[in-house]
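Hydrogens, waters and symmetry mates are skipped; everything else that's a heavy atom, side chains included, is used.
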Amino acid sequence: MFQKIANVLSILSFLMVTSVIGGGYFGYKYVTSEQFKAKVMNEILGNVQGLMPDILDNALPDVTGPTIPKFKQPKI
């Protein structure tokens with residue numbers, strides 16, 4: 001009886017280990033793929049582009065000051 005229980009637990013343990021290793025492998029392959037990088041970049045750029053007009057409107061002044069005066073050349 002104990003032998004049957006040990007065999008079942010051994011098979012379950014093997015299945016769990018292989019599923020964790022397989023999931024880790026395919027997860028790593030997905031995260032390091034070019035498609036994932038492109039998806040993340042598109043998501044980030046989409047969020048940043050939505051924020052840019054608000055940030056630029058708040059950061060840029062409405063009126064600027066006078067121009068920098070020219071320096072006079074000393075007479076020799």
Side-chain angles (χ1 to χ4, degrees):
M1 183 67 179
F2 178 74
Q3 184 69 31
K4 289 181 181 180
I5 294 172
N7 286 340
V8 169
L9 291 176
S10 174
I11 291 171
L12 289 175
S13 174
F14 175 75
L15 291 175
M16 286 175 38
V17 168
T18 55
S19 66
V20 168
I21 291 173
Y25 173 76
F26 287 113
Y28 175 78
K29 293 297 278 183
Y30 176 70
V31 169
T32 59
S33 69
E34 291 296 323
Q35 294 171 345
F36 181 75
K37 289 178 187 176
K39 182 189 268 188
V40 169
M41 286 299 293
N42 287 337
E43 183 72 28
I44 291 171
L45 290 177
N47 290 337
V48 169
Q49 286 175 351
L51 296 174
M52 286 305 288
D54 295 336
I55 292 172
L56 289 177
D57 289 341
N58 294 336
L60 295 177
D62 294 333
V63 178
T64 60
T67 60
I68 298 175
K70 292 183 179 179
F71 295 106
K72 295 182 180 179
Q73 294 291 334
K75 293 183 182 181
I76 299 178

| query | With hydrophobic residues grouped by side-chain heavy-atom distances under 4.5 Å, do Ile44 and Val31 end up in a single group? | reply |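 Yes.
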| task | Following the transitive rule for hydrophobic clusters with a side-chain heavy-atom cut-off under 4.5 Å over Ile, Leu, Val, Met, Phe, Trp and Tyr, establish whether Tyr30 and Val20 coincide in one cluster. | result |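 No, because Tyr30 and Val20 fall into different hydrophobic clusters, even though each may have its own neighbours under 4.5 Å.
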From [X] atom [atom1] to [Y] atom [atom2], the distance as rounded to the nearest 0.5 Å:
X	Y	atom1	atom2	answer
Phe14	Ser19	CZ	OG	10.0 Å
Phe36	Met41	CZ	CE	12.5 Å
Leu9	Met16	CG	CE	10.5 Å

